[in-house]
There are 2 protein chains.
Amino acid sequence: MTRPLRADARRNVEAIIGAATRLLATDPDASINDIAAAAGVGRVTLYGHFENRAALLDVVTERAIAQTESALAEIDLEGDPRDALGRVLEASWHLTHRFGALVVAAEHALPPDALRRAHVGPAARVIGLLERGRDSGAFRSDQPVTWQVSTIQAILHAASAAVHRGEITADEAPTLVRDTALGALAASTPRR
Amino acid sequence: MTRPLRADARRNVEAIIGAATRLLATDPDASINDIAAAAGVGRVTLYGHFENRAALLDVVTERAIAQTESALAEIDLEGDPRDALGRVLEASWHLTHRFGALVVAAEHALPPDALRRAHVGPAARVIGLLERGRDSGAFRSDQPVTWQVSTIQAILHAASAAVHRGEITADEAPTLVRDTALGALAASTPRR
DNA sequence: ACCTACTCGTACATCGACGTCCACATTAGC
DNA sequence: GCTAATGTGGACGTCGATGTACGAGTAGGT
(Lines give C-alpha, C1' and ligand atoms only; values in the text may rest on other atoms or scores of the structure.)
Protein backbone atom coordinates (compact mmCIF):
# COMPACT_ATOMS: atom_id res chain seq x y z
CA MET A 1 0.00 0.00 0.00
CA THR A 2 2.91 2.27 0.63
CA ARG A 3 3.82 3.78 -2.70
CA PRO A 4 7.47 3.92 -3.60
CA LEU A 5 9.27 7.03 -2.34
CA ARG A 6 10.13 9.75 -4.72
CA ALA A 7 13.72 9.88 -5.87
CA ASP A 8 14.81 12.88 -3.81
CA ALA A 9 13.07 11.49 -0.76
CA ARG A 10 15.02 8.28 -1.07
CA ARG A 11 18.24 10.23 -1.46
CA ASN A 12 17.45 12.24 1.66
CA VAL A 13 16.68 9.16 3.69
CA GLU A 14 20.02 7.72 2.71
CA ALA A 15 21.80 10.96 3.51
CA ILE A 16 20.15 11.07 6.91
CA ILE A 17 21.06 7.49 7.74
CA GLY A 18 24.59 8.10 6.57
CA ALA A 19 25.00 11.28 8.52
CA ALA A 20 23.46 9.74 11.61
CA THR A 21 25.84 6.81 11.42
CA ARG A 22 28.81 9.08 10.99
CA LEU A 23 27.89 11.48 13.77
CA LEU A 24 26.72 8.92 16.28
CA ALA A 25 29.86 6.91 15.74
CA THR A 26 31.85 9.70 17.35
CA ASP A 27 29.25 11.37 19.56
CA PRO A 28 26.47 9.13 20.80
CA ASP A 29 24.60 12.20 22.06
CA ALA A 30 24.47 13.99 18.72
CA SER A 31 21.20 15.87 18.49
CA ILE A 32 18.59 15.42 15.80
CA ASN A 33 19.45 18.95 14.81
CA ASP A 34 23.09 18.10 14.19
CA ILE A 35 22.18 15.01 12.24
CA ALA A 36 19.73 16.81 10.00
CA ALA A 37 22.23 19.59 9.38
CA ALA A 38 25.00 17.11 8.59
CA ALA A 39 22.69 15.39 6.15
CA GLY A 40 22.04 18.72 4.45
CA VAL A 41 18.38 18.50 5.28
CA GLY A 42 15.88 20.44 7.34
CA ARG A 43 15.08 19.09 10.75
CA VAL A 44 11.44 18.82 9.80
CA THR A 45 12.29 16.74 6.79
CA LEU A 46 14.00 14.28 9.04
CA TYR A 47 10.85 13.98 11.09
CA GLY A 48 9.00 13.33 7.89
CA HIS A 49 10.96 10.12 7.47
CA PHE A 50 11.53 9.05 11.04
CA GLU A 51 8.98 9.32 13.81
CA ASN A 52 11.49 9.54 16.57
CA ARG A 53 15.05 9.73 17.50
CA ALA A 54 14.46 6.13 18.56
CA ALA A 55 13.08 5.19 15.16
CA LEU A 56 16.09 6.69 13.47
CA LEU A 57 18.46 4.90 15.82
CA ASP A 58 16.61 1.72 15.15
CA VAL A 59 17.14 1.93 11.41
CA VAL A 60 20.75 3.01 11.80
CA THR A 61 21.63 0.15 14.10
CA GLU A 62 19.70 -2.25 11.92
CA ARG A 63 21.93 -1.21 9.04
CA ALA A 64 25.03 -1.46 11.13
CA ILE A 65 24.13 -4.94 12.26
CA ALA A 66 23.38 -6.02 8.73
CA GLN A 67 26.71 -4.69 7.48
CA THR A 68 28.50 -6.31 10.36
CA GLU A 69 26.82 -9.63 9.76
CA SER A 70 27.56 -9.69 6.09
CA ALA A 71 31.16 -8.62 6.59
CA LEU A 72 31.76 -11.28 9.18
CA ALA A 73 29.88 -13.94 7.25
CA GLU A 74 32.46 -13.79 4.50
CA ILE A 75 35.31 -14.71 6.75
CA ASP A 76 36.83 -18.15 6.61
CA LEU A 77 36.66 -19.57 10.12
CA GLU A 78 38.48 -22.77 9.28
CA GLY A 79 42.14 -23.54 9.68
CA ASP A 80 44.37 -22.53 12.56
CA PRO A 81 42.12 -20.86 15.14
CA ARG A 82 44.71 -18.15 15.71
CA ASP A 83 44.78 -17.26 12.04
CA ALA A 84 41.01 -17.41 11.79
CA LEU A 85 40.60 -15.19 14.82
CA GLY A 86 43.14 -12.84 13.30
CA ARG A 87 40.94 -12.51 10.24
CA VAL A 88 37.87 -11.91 12.36
CA LEU A 89 39.72 -9.31 14.40
CA GLU A 90 40.85 -7.43 11.36
CA ALA A 91 37.34 -7.24 9.96
CA SER A 92 35.90 -6.40 13.36
CA TRP A 93 38.38 -3.60 13.72
CA HIS A 94 37.11 -1.89 10.61
CA LEU A 95 33.53 -2.29 11.74
CA THR A 96 34.22 -1.06 15.23
CA HIS A 97 36.08 1.93 13.95
CA ARG A 98 33.30 2.75 11.52
CA PHE A 99 30.46 2.40 14.02
CA GLY A 100 32.28 3.23 17.22
CA ALA A 101 30.10 4.90 19.78
CA LEU A 102 26.95 3.99 17.93
CA VAL A 103 26.65 1.15 20.39
CA VAL A 104 26.51 3.62 23.22
CA ALA A 105 23.78 5.61 21.51
CA ALA A 106 21.82 2.44 20.91
CA GLU A 107 22.21 1.31 24.49
CA HIS A 108 20.68 4.53 25.63
CA ALA A 109 17.69 4.61 23.38
CA LEU A 110 16.79 1.13 22.27
CA PRO A 111 14.86 -1.57 24.10
CA PRO A 112 17.15 -4.19 25.62
CA ASP A 113 15.95 -7.02 23.41
CA ALA A 114 16.97 -5.15 20.28
CA LEU A 115 20.44 -4.91 21.74
CA ARG A 116 20.59 -8.62 22.45
CA ARG A 117 19.99 -9.36 18.80
CA ALA A 118 22.76 -6.98 17.83
CA HIS A 119 25.24 -8.58 20.13
CA VAL A 120 24.35 -12.21 19.89
CA GLY A 121 24.89 -12.53 16.17
CA PRO A 122 28.54 -11.45 15.88
CA ALA A 123 29.39 -12.81 19.30
CA ALA A 124 28.20 -16.29 18.36
CA ARG A 125 30.79 -16.52 15.60
CA VAL A 126 33.61 -15.53 17.89
CA ILE A 127 32.43 -17.84 20.64
CA GLY A 128 32.36 -20.81 18.31
CA LEU A 129 35.83 -20.01 17.12
CA LEU A 130 37.12 -19.50 20.62
CA GLU A 131 35.74 -22.83 21.76
CA ARG A 132 37.36 -24.63 18.90
CA GLY A 133 40.66 -22.95 19.69
CA ARG A 134 40.35 -23.82 23.35
CA ASP A 135 39.77 -27.46 22.56
CA SER A 136 42.76 -27.57 20.28
CA GLY A 137 44.96 -25.90 22.86
CA ALA A 138 45.53 -22.77 20.81
CA PHE A 139 43.76 -20.51 23.29
CA ARG A 140 43.85 -20.49 27.04
CA SER A 141 40.85 -22.22 28.57
CA ASP A 142 41.22 -21.07 32.16
CA GLN A 143 38.85 -18.14 31.65
CA PRO A 144 35.13 -17.92 30.84
CA VAL A 145 34.50 -17.59 27.13
CA THR A 146 32.19 -14.61 27.72
CA TRP A 147 35.05 -12.82 29.43
CA GLN A 148 37.32 -13.49 26.51
CA VAL A 149 34.72 -12.03 24.18
CA SER A 150 34.49 -8.95 26.40
CA THR A 151 38.24 -8.62 26.29
CA ILE A 152 38.26 -8.66 22.53
CA GLN A 153 35.55 -6.04 22.33
CA ALA A 154 37.38 -3.88 24.84
CA ILE A 155 40.55 -4.01 22.80
CA LEU A 156 38.66 -3.11 19.64
CA HIS A 157 37.07 -0.10 21.24
CA ALA A 158 40.31 0.94 22.85
CA ALA A 159 41.94 0.96 19.43
CA SER A 160 39.15 3.03 17.96
CA ALA A 161 39.40 5.53 20.80
CA ALA A 162 43.18 5.64 20.50
CA VAL A 163 42.92 6.45 16.82
CA HIS A 164 40.47 9.24 17.54
CA ARG A 165 42.83 10.61 20.16
CA GLY A 166 45.62 10.44 17.61
CA GLU A 167 47.73 8.11 19.71
CA ILE A 168 48.00 5.59 16.93
CA THR A 169 47.17 5.75 13.25
CA ALA A 170 44.34 3.90 11.58
CA ASP A 171 46.93 1.98 9.60
CA GLU A 172 48.69 0.39 12.51
CA ALA A 173 45.51 -0.29 14.44
CA PRO A 174 44.58 -3.64 12.83
CA THR A 175 47.97 -5.12 13.58
CA LEU A 176 47.97 -3.85 17.13
CA VAL A 177 44.50 -5.19 17.74
CA ARG A 178 45.39 -8.55 16.25
CA ASP A 179 48.62 -8.96 18.18
CA THR A 180 47.23 -7.73 21.45
CA ALA A 181 44.09 -9.83 21.35
CA LEU A 182 45.93 -12.94 20.29
CA GLY A 183 48.41 -12.36 23.08
CA ALA A 184 45.63 -12.00 25.61
CA LEU A 185 44.05 -15.24 24.46
CA ALA A 186 47.20 -17.24 23.98
CA ALA A 187 47.54 -20.46 25.93
CA SER A 188 49.60 -19.51 28.95
CA THR A 189 53.32 -19.55 28.28
CA PRO A 190 55.52 -21.36 30.75
CA ARG A 191 57.90 -18.71 32.07
CA ARG A 192 61.39 -19.33 30.88
CA MET B 1 38.56 33.61 56.47
CA THR B 2 35.97 30.93 55.83
CA ARG B 3 34.78 29.72 59.17
CA PRO B 4 34.67 25.99 59.74
CA LEU B 5 31.51 24.27 58.57
CA ARG B 6 28.98 23.13 61.08
CA ALA B 7 28.97 19.43 61.87
CA ASP B 8 25.79 18.54 59.97
CA ALA B 9 26.95 20.56 57.01
CA ARG B 10 30.20 18.63 56.89
CA ARG B 11 28.29 15.37 57.12
CA ASN B 12 26.06 16.41 54.26
CA VAL B 13 28.95 17.42 52.09
CA GLU B 14 30.52 14.02 52.64
CA ALA B 15 27.22 12.27 51.95
CA ILE B 16 26.84 14.21 48.72
CA ILE B 17 30.34 13.45 47.53
CA GLY B 18 29.88 9.82 48.42
CA ALA B 19 26.55 9.51 46.69
CA ALA B 20 27.82 11.36 43.66
CA THR B 21 30.79 9.04 43.40
CA ARG B 22 28.60 5.98 43.74
CA LEU B 23 25.97 7.11 41.26
CA LEU B 24 28.31 8.55 38.67
CA ALA B 25 30.38 5.41 38.77
CA THR B 26 27.50 3.52 37.20
CA ASP B 27 25.63 6.27 35.36
CA PRO B 28 27.73 9.21 34.22
CA ASP B 29 24.55 11.11 33.37
CA ALA B 30 23.02 10.89 36.82
CA SER B 31 21.12 14.10 37.51
CA ILE B 32 21.77 16.45 40.39
CA ASN B 33 18.37 15.44 41.60
CA ASP B 34 19.28 11.77 41.82
CA ILE B 35 22.51 12.55 43.58
CA ALA B 36 20.85 14.77 46.17
CA ALA B 37 18.19 12.16 46.79
CA ALA B 38 20.75 9.39 47.12
CA ALA B 39 22.62 11.52 49.62
CA GLY B 40 19.44 11.96 51.62
CA VAL B 41 19.55 15.68 51.08
CA GLY B 42 17.40 18.29 49.40
CA ARG B 43 18.48 19.44 45.99
CA VAL B 44 18.77 22.98 47.25
CA THR B 45 21.11 21.92 50.02
CA LEU B 46 23.39 20.46 47.42
CA TYR B 47 23.50 23.78 45.64
CA GLY B 48 24.37 25.37 48.94
CA HIS B 49 27.62 23.45 48.93
CA PHE B 50 28.42 23.24 45.24
CA GLU B 51 27.90 26.02 42.76
CA ASN B 52 27.50 23.77 39.79
CA ARG B 53 27.27 20.30 38.57
CA ALA B 54 30.76 21.03 37.29
CA ALA B 55 31.96 22.13 40.71
CA LEU B 56 30.63 18.94 42.23
CA LEU B 57 32.25 16.83 39.55
CA ASP B 58 35.46 18.67 40.14
CA VAL B 59 35.56 17.79 43.82
CA VAL B 60 34.49 14.22 43.20
CA THR B 61 37.16 13.58 40.61
CA GLU B 62 39.71 15.38 42.77
CA ARG B 63 38.93 12.89 45.50
CA ALA B 64 39.04 9.97 43.15
CA ILE B 65 42.40 11.02 41.83
CA ALA B 66 43.77 11.46 45.32
CA GLN B 67 42.56 8.04 46.40
CA THR B 68 43.95 6.53 43.26
CA GLU B 69 47.30 8.18 43.74
CA SER B 70 47.66 7.12 47.33
CA ALA B 71 46.54 3.57 46.61
CA LEU B 72 49.02 3.22 43.78
CA ALA B 73 51.81 4.95 45.63
CA GLU B 74 51.90 2.15 48.18
CA ILE B 75 52.63 -0.50 45.62
CA ASP B 76 56.08 -1.98 45.37
CA LEU B 77 57.21 -1.51 41.79
CA GLU B 78 60.49 -3.37 42.18
CA GLY B 79 61.24 -6.97 41.40
CA ASP B 80 59.99 -8.99 38.45
CA PRO B 81 58.11 -6.54 36.21
CA ARG B 82 55.39 -9.09 35.67
CA ASP B 83 54.79 -9.49 39.37
CA ALA B 84 54.95 -5.75 39.93
CA LEU B 85 52.48 -5.11 37.13
CA GLY B 86 50.28 -7.79 38.62
CA ARG B 87 50.18 -5.86 41.87
CA VAL B 88 49.41 -2.62 40.06
CA LEU B 89 46.66 -4.32 38.10
CA GLU B 90 45.03 -5.73 41.18
CA ALA B 91 44.95 -2.33 42.87
CA SER B 92 43.83 -0.63 39.67
CA TRP B 93 41.01 -3.09 39.35
CA HIS B 94 39.55 -2.09 42.68
CA LEU B 95 39.86 1.57 41.80
CA THR B 96 38.36 1.14 38.38
CA HIS B 97 35.46 -0.82 39.72
CA ARG B 98 34.82 1.75 42.42
CA PHE B 99 35.00 4.75 40.14
CA GLY B 100 33.94 3.21 36.86
CA ALA B 101 32.07 5.57 34.60
CA LEU B 102 33.09 8.58 36.65
CA VAL B 103 35.72 9.15 34.01
CA VAL B 104 33.02 9.51 31.40
CA ALA B 105 31.16 12.04 33.49
CA ALA B 106 34.33 14.00 34.02
CA GLU B 107 35.18 13.94 30.34
CA HIS B 108 31.84 15.52 29.60
CA ALA B 109 31.92 18.31 32.11
CA LEU B 110 35.48 19.15 33.01
CA PRO B 111 38.02 21.26 31.15
CA PRO B 112 40.53 19.14 29.25
CA ASP B 113 43.52 20.17 31.34
CA ALA B 114 41.92 18.84 34.51
CA LEU B 115 41.58 15.52 32.75
CA ARG B 116 45.20 15.46 31.75
CA ARG B 117 46.26 15.71 35.35
CA ALA B 118 43.97 12.85 36.26
CA HIS B 119 45.39 10.61 33.62
CA VAL B 120 49.01 11.50 33.67
CA GLY B 121 49.64 10.63 37.30
CA PRO B 122 48.62 6.98 37.38
CA ALA B 123 49.70 6.43 33.80
CA ALA B 124 53.24 7.55 34.56
CA ARG B 125 53.71 4.75 37.06
CA VAL B 126 52.54 2.13 34.63
CA ILE B 127 54.60 3.55 31.82
CA GLY B 128 57.74 3.45 33.89
CA LEU B 129 57.07 -0.11 34.86
CA LEU B 130 56.29 -1.10 31.30
CA GLU B 131 59.48 0.39 30.02
CA ARG B 132 61.53 -1.43 32.57
CA GLY B 133 59.80 -4.68 31.65
CA ARG B 134 60.35 -4.07 27.97
CA ASP B 135 64.04 -3.50 28.49
CA SER B 136 64.36 -6.67 30.50
CA GLY B 137 62.50 -8.69 27.90
CA ALA B 138 59.55 -9.44 30.14
CA PHE B 139 57.09 -7.50 28.01
CA ARG B 140 56.76 -7.27 24.28
CA SER B 141 58.33 -4.15 22.88
CA ASP B 142 56.90 -4.24 19.37
CA GLN B 143 54.02 -1.94 20.32
CA PRO B 144 53.84 1.70 21.44
CA VAL B 145 53.81 2.02 25.20
CA THR B 146 50.80 4.33 25.05
CA TRP B 147 48.89 1.62 23.27
CA GLN B 148 49.79 -0.88 25.93
CA VAL B 149 48.53 1.50 28.57
CA SER B 150 45.28 1.90 26.64
CA THR B 151 44.97 -1.86 26.46
CA ILE B 152 45.33 -2.19 30.18
CA GLN B 153 42.73 0.47 30.82
CA ALA B 154 40.38 -1.16 28.37
CA ILE B 155 40.67 -4.51 30.11
CA LEU B 156 40.05 -2.90 33.47
CA HIS B 157 36.91 -1.19 32.27
CA ALA B 158 35.75 -4.32 30.50
CA ALA B 159 36.02 -6.22 33.75
CA SER B 160 34.07 -3.58 35.62
CA ALA B 161 31.34 -3.63 32.99
CA ALA B 162 31.27 -7.41 32.98
CA VAL B 163 30.76 -7.47 36.72
CA HIS B 164 27.91 -4.98 36.43
CA ARG B 165 26.33 -7.17 33.78
CA GLY B 166 26.72 -10.15 36.06
CA GLU B 167 28.89 -12.04 33.59
CA ILE B 168 31.64 -12.51 36.13
CA THR B 169 31.78 -11.98 39.87
CA ALA B 170 33.73 -9.27 41.61
CA ASP B 171 35.82 -12.01 43.21
CA GLU B 172 37.16 -13.51 40.03
CA ALA B 173 37.67 -10.17 38.31
CA PRO B 174 41.13 -9.35 39.72
CA THR B 175 42.57 -12.65 38.57
CA LEU B 176 41.01 -12.37 35.15
CA VAL B 177 42.30 -8.84 34.73
CA ARG B 178 45.75 -9.82 35.84
CA ASP B 179 46.01 -12.87 33.64
CA THR B 180 44.51 -11.24 30.60
CA ALA B 181 46.60 -8.08 30.78
CA LEU B 182 49.81 -9.97 31.44
CA GLY B 183 49.00 -12.23 28.50
CA ALA B 184 48.41 -9.27 26.25
CA LEU B 185 51.75 -7.76 27.24
CA ALA B 186 53.80 -10.92 27.29
CA ALA B 187 56.85 -11.04 25.07
CA SER B 188 55.65 -12.86 21.96
CA THR B 189 55.76 -16.62 22.32
CA PRO B 190 57.26 -18.60 19.50
CA ARG B 191 54.47 -20.81 18.24
CA ARG B 192 55.03 -24.44 19.01
C1' DA C 1 18.66 28.42 76.19
C1' DC C 2 19.60 31.07 72.56
C1' DC C 3 21.51 32.67 68.35
C1' DT C 4 23.17 31.31 64.10
C1' DA C 5 24.10 28.31 60.53
C1' DC C 6 22.16 25.16 58.00
C1' DT C 7 18.25 22.50 55.81
C1' DC C 8 13.87 21.84 53.60
C1' DG C 9 10.17 22.23 50.24
C1' DT C 10 8.10 24.64 46.92
C1' DA C 11 7.77 27.69 43.47
C1' DC C 12 9.92 30.03 39.62
C1' DA C 13 12.91 31.35 35.59
C1' DT C 14 15.91 29.44 32.05
C1' DC C 15 17.70 26.39 28.74
C1' DG C 16 18.20 22.99 25.22
C1' DA C 17 16.32 19.13 22.84
C1' DC C 18 12.30 17.01 21.11
C1' DG C 19 8.35 16.80 18.37
C1' DT C 20 4.32 19.21 15.85
C1' DC C 21 1.93 22.51 12.89
C1' DC C 22 1.58 25.61 9.22
C1' DA C 23 2.17 28.15 4.95
C1' DC C 24 4.96 28.37 1.15
C1' DA C 25 8.56 26.92 -2.12
C1' DT C 26 10.40 23.25 -5.03
C1' DT C 27 10.86 19.18 -7.41
C1' DA C 28 9.85 14.73 -9.50
C1' DG C 29 7.38 12.31 -12.75
C1' DC C 30 4.01 11.80 -16.17
C1' DG D 1 3.68 22.16 -17.98
C1' DC D 2 0.77 20.43 -14.55
C1' DT D 3 -0.03 18.17 -10.21
C1' DA D 4 0.92 15.65 -6.33
C1' DA D 5 4.51 14.63 -3.36
C1' DT D 6 8.34 16.54 -0.65
C1' DG D 7 11.21 19.86 1.27
C1' DT D 8 11.89 24.15 4.08
C1' DG D 9 12.10 27.53 7.73
C1' DG D 10 9.87 29.45 11.57
C1' DA D 11 6.84 29.43 15.41
C1' DC D 12 4.98 26.86 19.10
C1' DG D 13 4.09 23.55 23.07
C1' DT D 14 6.29 20.14 26.04
C1' DC D 15 9.57 18.05 28.84
C1' DG D 16 13.37 17.32 31.99
C1' DA D 17 17.39 19.26 34.04
C1' DT D 18 19.66 23.21 35.92
C1' DG D 19 20.01 26.92 38.86
C1' DT D 20 17.78 30.65 42.00
C1' DA D 21 14.65 32.84 45.59
C1' DC D 22 12.04 32.74 49.68
C1' DG D 23 9.96 31.64 54.15
C1' DA D 24 9.81 28.55 57.71
C1' DG D 25 11.73 24.91 60.30
C1' DT D 26 15.68 22.48 62.92
C1' DA D 27 19.94 21.22 64.69
C1' DG D 28 24.72 22.75 66.19
C1' DG D 29 27.72 25.36 69.22
C1' DT D 30 28.60 28.01 73.11
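When reading the values below, keep in mind they use all heavy atoms of this one structure, side chains included, and skip hydrogens, waters and symmetry mates. Residue numbers begin at 1 in each chain, while the letters A, B, ... track the order of the sequences.
Rounded to whole Å, the distance from CZ on B/Phe50 to C1' on D/dT18 is 16 Å. Atom C1' of nucleotide C/dA17 and atom CG of B/Asp29 are separated by 14 Å, given to the nearest angstrom. Following rounding to the nearest Å, A/Asp34 (CG) and C/dG16 (P) show an atom-to-atom distance of 13 Å. D/dG7 atom P lies 13 Å from atom CD of A/Glu14, rounded to whole Å. The distance between atom CZ of A/Arg11 and atom P of D/dG7, rounded to the nearest whole Å, is 10 Å. Rounded to whole Å, atom C1' of C/dG16 lies 13 Å from atom CZ of A/Arg53. In this structure, the OH atom of A/Tyr47 is 15 Å from the C1' atom of D/dG10, given to the nearest Å. We find that CG of A/Leu46 is positioned 10 Å from P of D/dT8, with the value rounded to whole Å.
The 12-atom threshold is exceeded at NE2 of A/His164, counting heavy atoms of other residues, nucleotides or ligands nearer than 6.0 Å. For A/Arg165, the CZ atom is densely surrounded, since the number of other residues' heavy atoms within 6.0 Å is greater than 12. Crowding of A/Glu51 atom CD: a count of heavy atoms from other residues, nucleotides or ligands under 6.0 Å not exceeding 12.
For the pair B/Asn12 and C/dT7, the criterion of a side-chain N or O lying under 4.0 Å from OP1 or OP2 is met. Here A/His49 does not reach the OP1 or OP2 of D/dT6: none of its side-chain N or O atoms lies under 4.0 Å away. Proximity of B/Arg6 to the phosphate of C/dC6: no side-chain N or O atom is located under 4.0 Å from OP1 or OP2. The side chain of B/Asn33 places no N or O atom within less than 4.0 Å of a non-bridging phosphate oxygen (OP1 or OP2) of D/dG16. The side chain of A/Asn52 contributes an N or O atom lying less than 4.0 Å from OP1 or OP2 of C/dG19. One finds no side-chain N or O of B/Arg10 lying less than 4.0 angstrom from the OP1 or OP2 phosphate oxygen of D/dG28.
With B/His97 contributing its side chain and B/Trp93 its backbone, the two residues share no donor-acceptor pair below 3.5 Å.
Set against C/dC8, C/dC18, D/dT20, the side chain of B/Arg43 has D/dT20 as its closest nucleotide. Nearest nucleotide to the A/Asp8 side chain, out of C/dT27, D/dG29, C/dT7: C/dT27. Proximity note for A/Ala7 (side chain, C-beta onward) versus C/dA11, D/dG28, C/dG29: the nearest is C/dG29. Distance from the side chain of B/Val44 is smallest to D/dA21 among D/dT6, D/dA21, D/dG10.
Looking at heavy-atom distances under 4.0 Å, B/Ser31 makes contact with sugar-phosphate atoms alone, never a base.
Ion pairing between A/Glu74 and A/Arg87 fails under the 4.0 Å rule for side-chain N and carboxylate O.
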